[in-house]
Amino acid sequence: MPLVSMRQLLDEAAKGGYGVGAFNVNDMEQIQAIMEAAKETRSPVIIQASRGARQFAQDRYLYHLILAASELYPEIPIAMHQDHGNSFETCKSAIELGFTSVMMDGSLKADGKTPSTFEENVEVTRKVVDFAHERGITVEGEIGVLGGVEDGHGAGGSGLDHITDPDQAVEFAERTGVDALAIAIGTSHGAYKFTKKPDGSVLKMDVLIAIHKRLPNTHLVMHGSSSVPKDLQEIVNQYGGKLKETWGVPVEEIQLGIRNGVRKINVDTDNRLAITGAIRKVLWESPEKFDPRDYMKPAREAMQKVVATRMTQFGQAGHAGDYKPVSIAEIAKGYKDGSLSTRPLVAAK
Ligand code: G3H
Ligand code: 13P
Ligand code: ZN
């Protein structure tokens, strides 16, 4: 199956009332793990690459690896997404490379660290939307700022520092025409999100629900949504790792989000933990081993297990065969003639 538009994938998810995991990749084994999990659970997938991933793997490698996945798994709809684009140029280069979806994270300035103003965010996101939609490419924007720093990206600080204001979310969606909207509800990137099991004082599901009430047709996106399971933390630490005690986003909170308009759920850290734990275990138990396949294979299997579990929990499992891919050219036509709406439905307060 050709790579599909993320908009199509999310519109279908909205119809079916489920969420779609967006899993970060940096190498072939991670792509293989996601695709095997998708095959096992018959799930549509979003494969996403950060700027750091594009640098690490090199653009052409990444693109061709994901293209290989689409050839090898013709029954699986795959959207290829730029995670946390920091500028118009980053998004443009992703689109020119063949990504079918981009995130313009205008919540931060182009340095990827400093929170931007609302007007700056609207301006750069709108520019990306104009460029992308003309080419049939999906755009995710972000309003509010997540906590934490990953690979130099992020404002740092707590997830509570810049929670999304629902009124601003409405204005942002109206003025930019984004296809999907990432909001800040207290989560952070990375392993250290919460110091105890999160309750409503730190994980603001009430804000998410308030935004969904105002924007009932807008696809919401939850970033920083790894659950950081205890068993994965324990494996890492059991075999020489030094993770501090930490809590992630409970799956049942994500499921509450999915019942309230969340269609895309970003997960990276859980897979990093699964991979690292599996590699540590092999090297700890068999220090004589030096063939990378001896530890990369269990690492890939550990990630596949996490991804398949999330696909089932998010509800995307079983939906791979629900629809035929619409070509990117058709999607572009839809944006142009207005059949693919970019004007959000806004409900009264
Ligand atoms: O946005 C965060 C993702 O986990 C990607 O992280 O920028 O370290 O590749 P990265
Ligand atoms: P986690 O660090 O919680 O996996 O979040 C990943 C993410 O939001 C990628 O954009
Ligand atoms: Zn993110």
Side-chain angles (χ1 to χ4, degrees), residues 6 19-27 30-31 33-34 45-59 62 79-87 90-91 94 99 101-108 111-113 115 140-156 158-159 162 164 180-194 198 202-203 208 220-229 232-233 236 243 246-251 253-254 257 262-276 303 306-307 309-310 313-314:
M6 190 171 83
V20 184
F23 303 101
N24 289 76
V25 297
N26 299 273
D27 59 28
Q30 290 179 310
I31 295 169
I34 295 169
V45 289
I46 301 167
I47 298 183
Q48 60 185 11
S50 67
R51 276 189 299 143
R54 285 178 60 189
Q55 254 172 23
F56 173 80
Q58 293 192 2
D59 278 354
L62 259 191
M80 179 174 168
H81 177 75
Q82 164 78 58
D83 191 25
H84 292 285
N86 64 321
S87 64
T90 297
C91 294
F99 284 59
S101 179
V102 293
M103 176 188 194
M104 177 59 235
D105 181 359
S107 72
L108 301 172
D111 66 4
K113 290 181 175 59
E140 172 186 339
E142 176 164 329
I143 182 77
V145 184
L146 258 75
V149 182
E150 283 288 284
D151 200 16
H153 180 97
S158 142
H162 304 276
T164 306
L181 184 62
I183 55 174
I185 54 167
T187 68
S188 310
H189 289 118
Y192 301 104
K193 302 180 193 302
F194 304 109
V202 287
L203 180 58
L208 184 147
L220 300 180
V221 183
M222 278 175 73
H223 280 247
S225 288
S226 277
S227 300
V228 197
L232 294 182
Q233 295 181 41
V236 171
L243 294 170
T246 178
W247 275 262
V249 183
V251 169
E253 300 291 354
I254 297 172
V262 171
R263 298 292 159 234
K264 174 172 181 275
I265 305 104
N266 283 19
V267 174
D268 187 359
T269 296
D270 285 352
N271 292 323
R272 293 178 174 190
L273 291 171
I275 289 168
T276 299
M303 173 163 165
V306 171
V307 173
T309 304
R310 294 290 175 268
Q313 291 165 329
F314 299 162

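Whatever order the structure lists them in is the order used to number ligands and atoms, beginning at 1.
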Proximal candidate to atom 7 (C) of ligand 2 [heavy atom criterion; set E142, H81, H189, Q48]: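 The option holding the nearest heavy atom is H189.
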
Return the option from R54, R272, Q48, H189 holding the heavy atom at the smallest distance from atom 2 (C) of ligand 1.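 Nearest option to atom 2 (C) of ligand 1, by heavy atoms: H189.
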
Against heavy atoms of [X], which atoms of ligand 1 measure under 4.0 Å?
{"X": "N24", "value": "3 (C), 5 (C)"}
{"X": "H84", "value": "1 (O)"}
{"X": "D83", "value": "1 (O), 3 (C)"}

Report yes or no: does K193 contribute a side-chain atom to a donor-acceptor pair with the main-chain N or O of S188 at less than 3.5 Å?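 Present.
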
Mark yes or no for whether T164, through its side chain, and I143, through its backbone, hold a donor-acceptor pair below 3.5 Å.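 Between the backbone of I143 and the side chain of T164 there is a qualifying donor-acceptor contact (under 3.5 Å).
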
Specify side chain, backbone, both or neither for S225, according to which of its non-hydrogen atoms lie closer than 4.0 Å to ligand 2.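 For S225, only backbone atoms sit under 4.0 Å from ligand 2.
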
Just let me know how N24 lines up against ligand 2, side chain, backbone, both or neither, with a heavy-atom cut-off below 4.0 Å.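 Just the side chain.
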
Counting each atom of ligand 2 from 1 as listed, which ones have a heavy atom of [X] under 4.0 Å away?
{"X": "K193", "value": "1 (P), 2 (O), 3 (O)"}
{"X": "H84", "value": "10 (O)"}
{"X": "V267", "value": "4 (O)"}
{"X": "H223", "value": "8 (O), 10 (O)"}
{"X": "D83", "value": "9 (C), 10 (O)"}

Would you compute the distance between atom CE of M103 and atom SG of C91 and round it to the nearest 0.5 angstrom?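 Reported to 0.5 Å precision, the distance equals 9.5 Å.
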
Measuring only between side-chain heavy atoms, which start at C-beta, is T90 closer than 4.5 Å to M104?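 Contact flag for T90/M104 side chains = no.
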
Test item: N86 and D105 side chains (from C-beta on) under 4.5 Å apart, heavy atoms: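 No; the side chains remain at least 4.5 Å from each other.
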
Looking at R51, Q48, H189, which one forms a side-chain hydrogen bond (donor to acceptor under 3.5 Å, both in side chains) with H84?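 The option that passes is H189.
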
Is the NZ or CZ atom of R310 positioned over F23's six-membered ring, under 6.0 angstrom from the centre and within 45° of the axis?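 The answer is no; the distance or angle limit is not met.
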
Taking side-chain contact (heavy atoms from CB on, under 4.5 Å) as the definition, give me every residue that meets it alongside S225, ordered by chain and number, with sequence neighbours left out.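 Applying side-chain contact (heavy atoms from CB on, under 4.5 Å) to S225 gives M222, I254, I265.
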
Using side-chain contact (heavy atoms from CB on, under 4.5 Å) as the criterion, list what pairs up with A274, not counting sequence neighbours.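 Once residues adjacent in sequence are excluded, the partners of A274 under the side-chain contact (heavy atoms from CB on, under 4.5 Å) criterion are L232, A302, V306.
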
May I ask you to check whether G224 has an N/O atom sitting below 3.5 Å from an N/O atom of ligand 2?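 Yes, there is a polar N/O contact under 3.5 Å.
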
Using a distance threshold of 2.8 Å, what protein N/O/S atoms lie below it relative to the Zn ion (ligand 3)?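 Listed by chain and number, the atoms are H84 NE2, H189 NE2, H223 ND1.
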
The criterion is salt bridge (Lys or Arg N to Asp or Glu O under 4.0 Å); which residues satisfy it with D27, sequence neighbours excluded?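 Checked D27 against salt bridge (Lys or Arg N to Asp or Glu O under 4.0 Å); zero matches.
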
Is there a polar contact, in the sense of an N or O pair closer than 3.5 Å, between S50 and ligand 1?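 Yes.
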
